[in-house]
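Basis for what follows: all heavy atoms, side chains included, without hydrogens, waters or symmetry-related copies. If you read the sequence from its start, that first residue is 1, and numbering goes on from there.
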Amino acid sequence: MKRTTLSFMMAASLLFAGCDKADKDTVQQAQTQPKAGDGGSAHGDFGPPQGEPIHAVLTSPPLVPPATGRTTPARVIVDLTVQEKEMEISEGVSYTFWTFGGTVPGSFIRVRQGDTVEMRLHNMPDSKMPHNIDLHGVTGPGGGAASSFTAPGHTTQFTFKALNAGIYVYHCATAPVGMHIANGMYGLILVEPPEGLPKVDKEYYVMQGDFYTLGKYHDKGHQGFDMEKAIAEQPTYVLFNGREGSMTNDKALKAKVGENVRLYVGNGGPNLVSSFHVIGEIFDKVYPEGARNPNENVQTTLIPAGGASMMDFHVEVPGSYVLVDHSIFRAFNKGALAILKVDGAENKSIYSGKELDEMYVGDKAGSGSMAAVGAAAATAAATGAATREERIAAGKVLFAGTCSTCHQATGEGMPGVFPPLAKSDYIAKNPKVLAEVMLHGKVGPITVNGKSYNSNMPPMNQLTDDEVANIGTYVLNTWGNPGGQITREDAAKARAAKPADASSGH
């Protein structure tokens, strides 16, 4: 009897010990299984791809591919083609960009956490340089760069598993790396979390970059890359989506009152940090670097070179909202400016003022086109000088963005503060003075049409000689002024001779 009892107790003890071990194994296994909400690459492997391979939908900026809509990992094939192509960097200014997919930034890639991505990089036969791709969303040495070095006319391929959810920069990492990036070789890849992202009404793709040209800002014609400026970190242009005015006028981003908007904003650099801001909006949520936990109620967010963020906001009132790098000279003097045009019913209880002051957007928010500036530049390049009619048309556009805040769109100025340009006896007496005053400003007393003024006009010496000629010719031939032209030579002569009453700018 005792032996039977002892045998039973030993068996029971072994049974419970086994159960306890099984329970601990089950708990430990559950703790290591990836699930929604887990962060880090250790929780990003959801097993092998399911189903047939999928070809990724790639979009050009500012468009974003649709959500993956999947609940299981897949093998996603990304075909990305490198193109070296000449495009406009500003109106009348061309530049040879190196691109992923033919655009700056490159094509937007969208996958799901846990996907196996088959990256195929194609380098066009007419390329002059080898290129590769370093994706910041890759776990592995070089981010894929060493596996994707691709000579002209060749294709390379490698695979990686997207282990971390977030929004990541990709760029070329072929030496000299800075030059390849500065020529436009960057883009974004979004790795959705397993549960997907919260739905919004509009999604847009915006990427900032700094560009280094041999000529000055707005110097017309083809401009080459300036390595000395790049090393000194002194960009000629700071731009959204690779071109000044890329998202303004008829290309402005669009939304409606009541909609939720999400911006995927990256910074290709190669040098500058972006202080990204939307004038007139507050970001309800900012996912810095694509992090899972957002910051809320953010006015301006820093985006480092080689970094990216997502930001969501709800639009309550209509109008033109200006996207800027709030290192503000970059916005108004180097090109880092875009427009979100919101249509819909006004809500005076939220905002009662006028839509927007011209000083912020100038010619960028309305229906005016910079094409007139480009036409004048093209004729000047071909023949040595634009026609009077071309200068008037170009000058009208430039005046709206440079001069109209103070001098008004009608040229009537502001009583007691800014003298009129319309029917101006001061201009009629010496029409060439327009170039001098634009480039050097003017301080001290002045009498115009019998009325005295004593204000300070700051110099607009950031204008090129052609732009001075365009604006001056427009003023001379508008509002009852005597007509005639300001030439590029007039502007150059005025620039070289600083008058005694020149303004220091304040």
Side-chain angles (χ1 to χ4, degrees), residues 54-70 74 76-81 99-113 115 117 119 133 135-137 162 164-171 184-209 239-243 246-248 250-256 258-268 274 276 278 281 283-292 294 301 303 307-315 321 323 338-342:
I54 297 170
H55 285 268
V57 175
L58 305 180
T59 56
S60 299
L63 303 179
V64 176
T68 64
R70 289 184 281 106
V76 181
I77 299 169
V78 176
D79 282 291
L80 201 55
T81 300
T99 75
F100 290 107
T103 60
V104 178
S107 303
F108 194 104
I109 306 168
R110 189 168 192 161
V111 299
R112 178 187 181 274
Q113 187 180 13
D115 283 349
V117 181
M119 177 62 62
I133 187 168
L135 300 105
H136 291 187
N164 297 74
I167 182 76
Y168 299 99
V169 169
Y170 67 81
H171 61 86
M185 296 200 77
Y186 47 76
L188 292 183
I189 177 170
L190 172 64
V191 182
E192 296 177 352
E195 72 278 14
L197 294 171
K199 291 184 178 180
V200 293
D201 300 296
K202 294 286 193 308
E203 292 184 313
Y204 290 113
Y205 173 24
V206 179
M207 206 158 181
Q208 181 171 317
L239 303 175
F240 294 138
N241 290 1
R243 189 193 188 282
S246 64
M247 293 171 285
T248 63
D250 57 341
K251 296 178 182 177
L253 307 180
K254 292 181 172 58
K256 295 179 180 179
E259 288 187 326
N260 292 303
V261 178
R262 175 173 297 140
L263 300 179
Y264 299 95
V265 183
N267 183 6
S274 175
F276 187 77
V278 176
E281 261 299 344
F283 302 132
D284 298 328
K285 295 181 179 180
V286 172
Y287 301 81
E289 298 298 291
R292 183 180 293 272
T301 188
I303 305 175
S309 293
M310 300 183 297
M311 49 219 66
D312 294 355
F313 55 95
H314 182 263
V315 285
Y321 294 83
L323 287 61
I339 302 294
L340 171 67
K341 181 67 175 176
V342 177

>> With a 6.0 Å cut-off (strictly less than), is the heavy-atom count around NZ of K202, excluding the residue itself, greater than 12?
In response: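 Yes, NZ of K202 has more than 12 neighbouring heavy atoms, counting only those of other groups under 6.0 Å.
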
[X] versus [Y]: any side-chain heavy-atom pair under 4.5 Å?
{"X": "V57", "Y": "P66", "answer": "yes"}
{"X": "M311", "Y": "F276", "answer": "yes"}
{"X": "E281", "Y": "V342", "answer": "no"}
{"X": "V265", "Y": "F240", "answer": "no"}
{"X": "Y321", "Y": "V261", "answer": "no"}
{"X": "I133", "Y": "L80", "answer": "yes"}
{"X": "L323", "Y": "L263", "answer": "yes"}
{"X": "V169", "Y": "M207", "answer": "yes"}

To check you understand the geometry: which heavy-atom pair defines the closest contact between [X] and [Y], and what is its length?
{"X": "F108", "Y": "L63", "answer": "CB-O, 4.2 Å"}
{"X": "N260", "Y": "V200", "answer": "O-CB, 3.6 Å"}
{"X": "V78", "Y": "A56", "answer": "CG2-CB, 3.8 Å"}
{"X": "E289", "Y": "S309", "answer": "N-OG, 3.2 Å"}
{"X": "L135", "Y": "M119", "answer": "CD2-CE, 3.8 Å"}
{"X": "N241", "Y": "P61", "answer": "ND2-CB, 3.6 Å"}

For the pair [X] (side chain) and [Y] (backbone), establish whether a donor and an acceptor sit closer than 3.5 Å, ignoring hydrogens and angles.
{"X": "D312", "Y": "K285", "result": "no"}
{"X": "H314", "Y": "G258", "result": "yes"}
{"X": "D115", "Y": "A74", "result": "yes"}
{"X": "T248", "Y": "I339", "result": "no"}
{"X": "R112", "Y": "T68", "result": "no"}
{"X": "Y205", "Y": "G266", "result": "no"}
{"X": "R110", "Y": "P65", "result": "yes"}

[X] [atom1] to [Y] [atom2] distance, which is reported to the nearest 0.5 Å:
{"X": "M310", "Y": "L197", "atom1": "CE", "atom2": "CG", "result": "5.0 Å"}
{"X": "N164", "Y": "Q113", "atom1": "CG", "atom2": "CD", "result": "7.0 Å"}
{"X": "Y264", "Y": "L188", "atom1": "OH", "atom2": "CG", "result": "10.5 Å"}
{"X": "I109", "Y": "I189", "atom1": "CD1", "atom2": "CD1", "result": "4.5 Å"}

>> With side chain to side chain contact (heavy atoms under 4.5 Å, CB included) as the criterion, how do Q208 and Y186 come out once you've worked through the C-alpha distance, each side chain's angles and the decisive distance to 0.1 Å?
In response: CA-CA 10 Å; Q208 181 171 317; Y186 47 76; over 6 Å; no

>> Between E195 and R292, does any side-chain N to carboxylate O distance fall below 4.0 Å?
In response: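 Yes, E195 and R292 are salt-bridged.
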
> Excluding sequence neighbours, so at least two apart, what forms ring-ring contact (aromatic ring centres under 6.0 Å, His included) with Y168?
Replying inline: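 Partners of Y168 under the ring-ring contact (aromatic ring centres under 6.0 Å, His included) test: none.
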
> Who passes side-chain hydrogen bond (donor to acceptor under 3.5 Å, both in side chains) against K251, sequence neighbours left out?
Replying inline: none

Determine all donor-acceptor pairs shorter than 3.5 Å in which one atom belongs to a side chain in residues 99-107; sequence neighbours excluded.
unit_1, atom_1, unit_2, atom_2, d
T99, OG1, Q83, O, 2.9
T99, OG1, G102, N, 2.9
T103, OG1, P105, O, 2.7

